[in-house]
Amino acid sequence: MTNAQIAKLLRNVAASYAIKNEAKYRFQIIAYQRAADAIQSSTAEVKDLIKEDKLEGLPGVGPSIRAHLEELIKTGEVKHFEAIMKEVPNAVFPLLDVPTFGPKKAYKLVSHFGFKNPETVIADLKKVAGQGKIAKLEGFGEKSQQDILEAIEDFKEGNKKTKRMVLPYAAELAETILTYLKKSDVIIDAKPLGSLRRRLSTIGDLDFAVSTKDSKKAIDYFIAYPHKERIIEQGDISASILVSSGRQVDLMTQPPDSFGSLLQHFTGSKNHNVHLRELAIKKGMSLSEKGIKIKTKTGEKTEKYATEEAFYKALGMDWLPPEMREDTGEIELSLEHKLPQLIQLKDIKADFHLHSSFHIEPSHDMGISTMEEMVEKARHLGYEYIGFSEHNPSVSKHSQKEVYDILARRKDKIEQINESNKNIRVISLLETDILANGEIAIDEKSLSLLDGTLVSIHSAFNMNREDMTKRIIAGLSHPKAKILSHPTGRLLNQRPGYEVNFDELFDFVKRNTKALEINSWPERLDLPDIMVREAVKNGIKMVINTDSHAKDQMDMMQFGVSVARRGWATKQDILNTLSYNKFMDWLKK
DNA sequence: GCCGTTTTCGGCCCGACTGTTTTCAGTCG
């Protein structure tokens, strides 16, 4: 059973409690939802966590839910869950996945019409809505009947085409919308919110904060967005639209003197904010997007905050980078004024994963920009040095002698570039396959031509955990193999990573002066942020690379930096912040 | 049901928007 399935089960339990008696089970409902959130966002599978006795490490999973989950993994079902859910018709649960449907609405409709089949319930509901039968129900009307039809339609569309966007694409779309917003006369400032601002690797909806003295005009301007498909909702201070790519875009407004509270409130994460508001209550404060409500002798007043810095300061905290706001210890550090200094884009002095168009006759894809073009781009980016890491020449099409000859020509070419340009030092790297047997694809003689090599997995993904771990460690064991590229092998929205024992791998990397790559490619963003955090805790060195196949892709470094920041990495954790000489010293270790 | 340097008992975040309502319930973030 996957984490997603377990999370859904816990949400169904929460929904069942809500249907039974929401007031009575209020806190159980919250508890089950929290546990579901924690499990859904965990990188480790619940069954593995149980095996390693780490399940209680998840925030929101206590003794009771842990016992239930152990029963689930052991027997495939949980008696307690079954008992609660038995009182709710099965057909309720699929409806909960449809936006605008909560437990109450789903239950009312399913029980009134007597729907029995979870498989067909959405179609069944669409049918009775089409027949005008919902509008006649108490608590429903013509409009809500129409909304139900639209929600079902959108849901079916969404299932097909609108998965979460990877960060770089979301950032691009956001930039277009921000540019539009900033053209308005009444909009003083506009900034991204939510997961976009926290720089998650994948983004669902896009949220924006707007500073304005005239929220009505700002909202009118927003809903007139040229690529708008339709308005989802429109109120006095916020609105939501659907844009033509099928994405929902939300806008929140506040006057300039409350803009700081607005940014803070909607940047989240939910857990960060809930924790913050609980702390505030203990200080007699109440937090919202409007400011901080404080009880006074005469009544209460709301202090306004124009900046987030001032808002956090009022709570006795330092401003936190949005990437850290996940309630994983950052609030405590901020209260103690001990936040780490996260790495910034300007700290980056090099990029080691560049595929040029040099004719290397590679095992995989080639770049399209010349080495010279990429060097020029590196100069523009203010780098000090770069490394070319084309895929190794195909070993199925060439003898090792031929591989050597190609690499020797490439070495000459790199030397020539180093002689002709004084701005950027170029080092001779390669992206070498780790073969299924753990050997690296090219021989000793060819390796001797390189300053070092990145190694990576591009074949035989389906090995078991133990064999894959052995394979990677074997590949990384060669003195020239220094960096493991895209370590998990995941592709966002496409495939999960291969199975590796990362405890073992981390240990090996640390003991042998190797490094793990944070790959900035939009679908990779690999190492994932959560594992970067583990790597940082364990003192593992990393590099942030773009894996560029064209010069302009070198701009994607910012996304790798975002991943590093979400993992709390500082300059000291990332090797391409080192000067050329220091990095070369490391490479030779 | 979870959680803890104010608590192992007694708390548990805050508000906007919509539709169907004459004051609120449901959903969302």
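Bear in mind that the values here come from a model prediction, so they are computed numbers and not experimental data. Lettering of chains follows the sequences in order, A, B, ..., and the numbering in each one begins at 1.
Geometrically, K228(A) does not engage Y225(A) in a cation-pi contact defined by less than 6.0 Å to the ring centre and at most 45° from the axis.
Distance noted for atom C1' between dT23(B) and dT18(B): 15 Å (whole Å). Rounded to whole Å, the separation between the C1' atoms of dG10(B) and dG15(B) comes to 26 Å. Between the C1' atoms of dA25(B) and dT20(B), the separation comes to 9 Å (whole Å). Rounded to whole Å, the separation between the C1' atoms of dT6(B) and dC12(B) comes to 16 Å. Between dT27(B) and dT21(B), the distance separating the two P atoms is 16 Å to the nearest Å. The same atom, C1', is picked in dC3(B) and in dT8(B); the two are 9 Å apart, to the nearest Å.
By the 30° and 60° cut-offs, the orientation of the rings of Y17(A) relative to H80(A) is tilted. Y180(A) and Y221(A) have parallel rings, their planes meeting at less than 30° on a 0 to 90° scale where 60° marks the start of perpendicular.
Atom pair L196(A):CG and dG29(B):P shows a separation of 15 Å (rounding to whole Å applied). Atom CD1 in I29(A) sits about 15 Å away from atom C1' in dC2(B), given to the nearest Å. To the nearest angstrom, C1' of dG10(B) lies 13 Å from CZ of R26(A). Atom-to-atom, CD1 of I203(A) to P of dG29(B) comes out at 14 Å; the value is rounded to the nearest Å. For Q28(A) and dG11(B), the CD to C1' distance is 13 Å, given to the nearest whole Å. As rounded to whole Å, 15 Å separates atom C1' of dT6(B) from atom CG of L335(A). Taking atom CZ of residue F27(A) and atom P of nucleotide dG1(B), one finds them 14 Å apart after rounding to whole Å. Rounded to an integer number of Å, the gap from NZ of K136(A) to C1' of dT20(B) is 17 Å.
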A correct 5'-to-3' footprint of nucleotides 14-19 of chain B, with B, S and - meaning base, sugar-phosphate only and no protein heavy atom under 4.0 Å, is SSSSSS
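Within a heavy-atom distance below 4.0 Å of DNA chain B, the residues of residues 84-99 of chain A found are P99(A).
With respect to D37(A) and R11(A), a salt bridge is recorded, a charged nitrogen being found less than 4.0 Å from a carboxylate O. Between D124(A) and K127(A) there is no salt bridge, since no side-chain N of the basic residue sits under 4.0 Å from a carboxylate O of the acidic one. A salt bridge links K301(A) with E303(A); the closest basic N to acidic carboxylate O contact falls under 4.0 Å.
The side chain of D205(A) lies closest to dG29(B) when the candidates are dG29(B), dG26(B), dG1(B). Considering only the side chain of K104(A), dT27(B) comes nearest among dT27(B), dG29(B), dG1(B). Of the listed nucleotides (dT6(B), dT27(B), dG1(B)), dT27(B) has the atom at the smallest distance from the side chain of P103(A).
Within 4.0 Å of Y25(A), counting heavy atoms only, lies no atom of the nucleic acid at all. Residue contacts shown for H272(A) are absent, as no nucleic acid heavy atom lies under 4.0 Å away.
Remark: the backbone N or O of P89(A) is not paired with any side-chain donor or acceptor of S111(A) at under 3.5 angstrom.
Side chains of S144(A) and D147(A): no donor on one and acceptor on the other come within 3.5 Å. Neither side chain, R325(A) nor Q264(A), offers a donor N or O lying under 3.5 Å from an acceptor on the other.
In K213(A), the NZ atom is not crowded: 12 or fewer heavy atoms of neighbouring residues, nucleotides or ligands sit closer than 6.0 Å.
When the nearest nucleotides of DNA chain B are assigned to K283(A) and A106(A) by heavy-atom distance, the more 5′-ward of the two goes with K283(A). Each of Y32(A) and E138(A) was assigned the nucleotide of DNA chain B with the nearest heavy atom; the assignment lying further toward the 5' end belongs to Y32(A).
In this structure, the side chains of V13(A) and V78(A) stay at 4.5 Å or more apart for every pair of heavy atoms.
Using Watson-Crick or G-U wobble geometry with both donor-acceptor distances under 3.5 Å, dG15(B) finds its partner in dC28(B).
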